[in-house]
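Everything below concerns the one structure shown next.
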Amino acid sequence: MNERRYAFLQEMGLGPVWTRRTAVAEPASDDVASAALQQLSEEEPAMSAAVPLAAVPAIAESAAGDTGGMDWEQLQAAVASCTKCGLCRGRTKTVFGVGDRQAKWLFVGEGPGRNEDAQGLPFVGPAGKLLDNMLLAMGLKRGDNTYIANIVKCRPTDGNKRDRPPEPDETHACMPYLERQIALINPTVIVALGKTAALSLLGLDPATPVGKLRGRVHRYMDLPLVVTYHPAYLLRNLRDKGKVWADLCLAMQTHDAAGA
Ligand code: SF4
């Protein structure tokens, strides 16, 4: 097993599970990304070929909000006092995002859950720990050349106070904040964590399966964007760990190809 993959397994705390999986032969070379992508293609041979570029104007339209000229402090203050959608009524804290504001890597999730809402930070709790371990396996760490944000800044809950995905109107209301964050950061690669992040950033139909978006490099504006599963999903579906590893390999290849 090459060193990079081994580190990934160990950092994710999934080593024994991963090592039992032998469907993909260990690479004769050290090109783990190619091997992972080979695994991906074997698992999802019907993956579609292209992202509709027609999705992009929807993002551009949403970006035409009032955040366009804001600096970081103005943006953070605007989020903290925001009442643009109904999620403001149930929040404890807004969750603006965290990390290096000149980061090459941007990771985008769906929205705050219970722990995030209480602490005002994205990706805390078990899913956050897994994300941190994924970052470590990639040679990254939270706050150092990485920025982590969500599609919506306030916690969406259902009538029983359980977490739920944000509704389209909530996503639309909140997207200008993330769009301004992306413009200020200007990352080299965006990693969309889960369906809500991927579809919102790419402006695609809500019925689009995440599986059809994985395994290739999309564009958010001019920035490369790679789609993978949300860490919370991965915690519930460990069988998909190989797919996540393939996605992260693709993201690293994309980053390296950009010469960043
Ligand atoms: Fe404002 Fe976004 Fe919170 Fe809605 S989710 S209230 S748009 S910050």
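Only this structure's heavy atoms are used, side chains among them; waters, hydrogens and symmetry mates stay out. In each ligand, atom 1 is the first atom listed, and ligand 1 is the first ligand listed.
- To the nearest 0.5 Å, atom CG of residue Asn186 and atom CD of residue Gln102 are 10.5 Å apart.
- Of the protein's non-hydrogen atoms, Cys82 SG, 2.2 Å is the one closest to atom 1 (Fe) of ligand 1.
- Taking the charged nitrogens against the carboxylate oxygens, Arg164 and Asp158 have no contact shorter than 4.0 Å, which rules out a salt bridge.
- At least one cation-pi condition fails for Lys241 and Tyr229: the charged atom is not both under 6.0 angstrom from the six-membered ring centre and inside a 45 degree cone around its axis.
- Using a 4.5 Å heavy-atom threshold, the side chains of Val189 and Leu223 count as separate.
- Remark: ligand 1 atoms within the under-4.0 Å shell around heavy atoms of Lys153 are 5 (S), 8 (S).
- When non-hydrogen atoms are compared, ligand 1 lies under 4.0 Å from the side chain of Arg91 (C-beta onward) but not from its backbone.
- Taking backbone and side-chain atoms together, Cys88 has no N/O/S atom less than 2.8 Å away from atom 2 (Fe) of ligand 1.
- Near Cys174, with a cut-off below 4.0 Å to any heavy atom, the atoms of ligand 1 are 2 (Fe), 5 (S), 7 (S), 8 (S).
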| Step-by-step side-chain hydrogen bond (donor to acceptor under 3.5 Å, both in side chains) determination, Tyr233 to Asp240 | CA-CA 9 Å; Tyr233 168 88; Asp240 284 334; 2.5 Å; yes
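- Across the listed options Ala80, Cys85, Cys154, Ala78, Cys85 owns the non-hydrogen atom lying nearest to atom 4 (Fe) of ligand 1.
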